Amino acid sequence: MCGIVGYIGDKSPVEVIMTGLHRLEYRGYDSSGVAVVGENGLDCVKSVGKLKIMDQKLEEHPLKGNLGIGHTRWATHGVPSEANSHPHFNGAKTIAVVHNGIIENYYELREQLQAAGVVFRSQTDTEVIAHLVDKYYEGDLFAAVKRALKDCEGAYAIGVICQDNPDVLVAARHGSPLIVGLGDNEGYIGSDVPAIMKYTRNVMYIENGHVCEITRAGVKIEDVDGNPVSMEVKTVEWDDAAAEKEGYPHFMLKEIHQQGAVLRNTLAGRIDEHSDSVRLTDMNIAPEELKACGKIFIVACGTAWHAGMVGKFLIEKFAKVPVELDLASEFRYRDPIIPPNSIMIPVSQSGETADTLEAIRIAKSRGAKVASIVNAVGSSVARESHGVVYQQAGPEIGVASTKAYTSQCMCFALFTIWLGQVRGTLDKDQVAMMIRELRAVPDKVDAILKNQDKVKELANRPEYRDAVGAFFLGRNYNFPSALEGALKLKEISYIHAEGYAAGEMKHGPIALVTNTFPVVCVAVKGETYEKMVSNIQEIKARAGLIISVATEGDESIQAHSNDVIYIPECYEPYSPILVAVPLQLLAYHISANLGRDVDQPRNLAKSVTVE
Ligand code: M6R
């Protein structure tokens with residue numbers, strides 16, 4: 001986890017860095033720090049806790065100069081404390097380092113350095129980098145960093161400054177994300193694009209093994225052996241306002257409300273108007289490969305895994321290809337059998353999730369074609385895959401995934417139609433109908449968002465807001481909706497919630513149901529509606545408090561439910577996209593009513609870049 005930012009140029013480095021760190025706070029918020037090279041050499045401010053504390057400290061202790069680096073931390077080695085906050089320094093405090101990642105051989109390096117007389121100030125793995133750079137420094141910071149990195153194993157994105165080289169910012173990447181931004185007579189580094197997009201849209205996505213020397217004149221990139229590397233400058237199209245709250249009290253609420261527009265974006269350019277067919281050219285899978293494919297592997301974590309489950313159900317039902325769905329953290333250890341002609345679809349909003357990346361590497365080494373569903377453009381998952389379908393959802397800042405989930409489901413719907421088209425499991429009429437229904441989804445999402453009063457009212461009722469636990473139940477396409485609804489509630493409200501396939505209740509969980517236990521039942525019209533109603537009646541018979549999510553016009557469900565949230569009538573296979581919205585809103589409003597930190601819930605970070 002962790003976020004890094006750096007700047008060289010005429011602007012105030014503190015202003016640039018703090019703007020960037022606020023954008024990166026989703027990557028961790030245990031502590032933060034900024035170091036600047038100015039007239040009086042290298043100066044630094046650190047603080048434990050959220051960035052607002054850092055803002056205050058910087059007012060009391062302003063840092064001036066033209067070169068600086070900053071960091072927001074999610075602790076891996078060493079407790080959150082000022083001593084463990086980045087930047088870390090060499091013994092003489094002339095060199096400062098910020099780091100995202102883990103130096104895996106740091107014990108060994110630390111012992112070697114200590115044996116040579118180096119005194120460590122922190123418990124972090126990062127500090128070894130500062131001392132190694134110092135060890136190899138002979139007046140050229142770029143050269144010293146390249147040499148130091150040869151000794152380091154593990155993952156890193158680093159920014160390094162030195163008071164004796166006030167015109168140079170050095171950055172390097174291996175495994176953790178890093179971008180370099182270019183401006184007029186200035187340069188930036190950041191963990192991702194939103195960190196610097198207030199200032200520049202011209203970015204380079206740095207590759208593993210590359211080290212950058214950034215000066216006002218431009219960027220020089222080499223590998224650790226000094227071989228030059230050339231790299232394209234890309235223009236970022238994202239709107240800067242996309243990274244701000246735009247008047248909403250929380251990013252999560254803003255992102256929930258963006259979903260209609262986001263889903264239109266996800267569809268944009270993927271449907272051929274003339275032939276009424278889907279095309280996902282960037283997935284880089286030839287029609288022959290789609291036809292020959294005997295098995296699809298979907299790997300992801302958390303919410304993205306729930307979207308993967310929606311994908312599995314769609315693909316198997318309509319394209320008739322068997323799908324194995326794995327949590328990426330399990331896939332990498334279970335020695336999976338990957339037959340020839342297999343396709344892997346990793347799903348990741350950030351594109352930086354460590355377990356998902358490792359699953360990709362395993363699948364590639366065993367011959368699978370890897371085509372990912374990713375939101376963050378240029379991220380590691382996208383770059384390590386053979387092809388990609390970008391979600392086109394824009395930056396997601398709230399830790400709880402919302403628009404990323406619904407757009408991932410939408411990507412799976414598109415992929416399913418494409419696959420069914422090519423393999424001939426869907427005829428022209430079915431394809432046309434499925435496209436028509438898909439196009440109708442964004443308007444239906446907007447309609448749900450316009451009519452939130454019921455959800456808001458429920459979220460403020462003591463029997464729901466103050467509940468100690470809750471179940472979310474669904475069947476078939478909406479089993480993943482139940483899992484996702486429960487995850488949303490628990491991660492941001494801290495109410496214990498579990499999602500179950502409704503048919504599983506009688507196999508144990510129903511024992512927990514009492515007259516104070518809320519059970520959210522997804523009972524939209526479709527194949528398993530009647531079965532779902534039976535499950536609801538079983539809970540009702542045990543006095544459970546039932547909130548049903550049902551299809552507009554279904555009056556009869558009211559007789560079995562304490563409360564009903566309605567969604568517009570829709571094509572059942574796409575209903576998880578619609579169902580997600582009121583469940584997100586329910587979790588959001590309960591969490592906000594409880595005064596929780598909605599966007600940055602405790603113990604979590606947006607991007608899980610360590611195993
Ligand atoms: O960036 P990714 O989509 O790979 O992240 C995977 C999970 O960490 C993520 O979906 C997480 O479960 C959500 N933020 C929860 O809302």
Side-chain angles (χ1 to χ4, degrees), residues 1 3 24-29 74 176-177 191-192 194 250-253 255-256 259 298-311 325-332 344-360 370 372-385 388-391 393-409 411-412 472 480-481 483-494 497 499 580-581 583-588 591 596-611:
M1 319 271 186
L24 291 177
E25 210 176 1
Y26 71 88
R27 299 179 70 87
Y29 34 82
W74 190 83
S176 302
S191 292
D192 70 14
H250 299 100
F251 279 112
M252 182 182 177
L253 191 60
E255 287 155 6
I256 290 172
Q259 288 177 109
I298 297 175
V299 289
C301 303
T303 289
W305 183 74
H306 299 154
M309 194 179 293
V310 173
L325 170 71
D326 273 273
L327 292 164
S329 52
E330 291 297 312
F331 181 88
R332 58 187 292 187
M344 171 182 269
I345 308 182
V347 191
S348 178
Q349 187 288 129
S350 63
E352 301 296 345
T353 301
D355 287 319
T356 308
L357 275 165
E358 193 51 35
I360 293 172
V370 178
S372 50
I373 294 175
V374 172
N375 191 34
V377 176
S379 59
S380 304
V381 169
R383 282 181 294 106
E384 292 201 24
S385 302
V388 58
V389 52
Y390 282 120
Q391 297 172 223
E396 190 178 69
I397 309 292
V399 163
S401 201
T402 52
K403 62 179 181 172
Y405 172 70
T406 47
S407 63
Q408 283 159 355
C409 294
C411 288
F412 272 117
F472 285 71
S481 304
L483 298 175
E484 176 59 7
L487 177 60
K488 285 293 87 89
L489 183 66
K490 77 180 125 193
E491 71 178 324
I492 59 168
S493 74
Y494 317 146
V581 180
L583 298 187
Q584 294 163 354
L585 287 167
L586 187 65
Y588 170 80
S591 168
R596 306 288 193 235
D597 191 342
V598 175
D599 283 333
Q600 295 175 347
R602 68 186 180 205
N603 304 339
L604 293 175
K606 181 69 179 162
S607 179
V608 184
T609 56
V610 290
E611 196 183 335

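Just so you know, ligand 1 is whichever comes first in the structure, and atom 1 is the first atom listed for that ligand. Small disclaimer: the values here were computed from a predicted structure and weren't measured. Counting begins at 1 with the first residue of the sequence.
If you number the atoms of ligand 1 from 1 as listed, the ones under 4.0 Å from a heavy atom of Ala304 come out as 3 (O), 10 (O). Atoms of ligand 1 found under 4.0 Å from any heavy atom of Gly302 (numbered from 1 in listed order, with element): 12 (O). Of all atoms in ligand 1, numbered sequentially from 1 with element shown, those under 4.0 Å from a heavy atom of Ala400 are 16 (O). Listed by number with element, the atoms of ligand 1 under 4.0 angstrom from any heavy atom of Ser348 are 1 (O), 2 (P), 3 (O), 4 (O).
At least one heavy atom of Lys488 lies less than 4.0 angstrom from ligand 1.
Ranking the protein heavy atoms by distance from atom 3 (O) of ligand 1 puts Gln349 N, 2.6 Å first. Looking at atom 7 (C) of ligand 1, its nearest protein heavy atom turns out to be Cys301 O, 3.5 Å. Among all non-hydrogen protein atoms, the one lying nearest atom 12 (O) of ligand 1 is Thr303 N, 3.1 Å. The protein atom (non-hydrogen) at minimum distance from atom 1 (O) of ligand 1 is Ser350 OG, 2.6 Å.
A donor-acceptor pair is defined here as one N or O able to donate and one able to accept, closer than 3.5 Å; no such pair exists between the side chain of Gln349 and the backbone of Ala304. A distance-only check finds no donor-acceptor pair linking the side chain of Asp599 to the backbone of Gly398 [under 3.5 Å].
Side-chain contact of Gln408 with Gln391: a donor-acceptor pair under 3.5 Å is present, judged by distance alone. In the model, His306 has no side-chain atom that pairs as donor or acceptor with a side-chain atom of Tyr405 under 3.5 Å. Remark: the Glu352 side chain and the Ser380 side chain contain an N/O donor-acceptor pair separated by less than 3.5 Å. Side-chain polar atoms of Gln259 and Thr402 form no donor-acceptor pair below 3.5 angstrom. Neither side chain, Ser401 nor Lys488, offers a donor N or O lying under 3.5 Å from an acceptor on the other.
Nearest-residue assignment for atom 2 (P) of ligand 1 (options Thr402, Ile373, Thr353, Thr356; heavy-atom criterion): Thr353. Closest heavy-atom approach to atom 8 (O) of ligand 1 within the set Leu487, Val381, Val299, Val608: this belongs to Val608.
Only the side chain of Glu491 comes within 4.0 Å of ligand 1, counting heavy atoms alone; its backbone N, CA, C and O stay farther away. Contact annotation for Val399 and ligand 1: only backbone heavy atoms (N, CA, C, O) come within less than 4.0 Å of the ligand.
Every residue two or more places apart in sequence or in another chain was checked for a side chain to side chain donor-acceptor pair (under 3.5 Å) with Ser493, and none qualifies. In terms of the side chain to side chain contact (heavy atoms under 4.5 Å, CB included) criterion, residue partners of Ala328 (sequence neighbours excluded) are, by chain and number, Val299, Cys301, Asp355, Thr356, Ala359.
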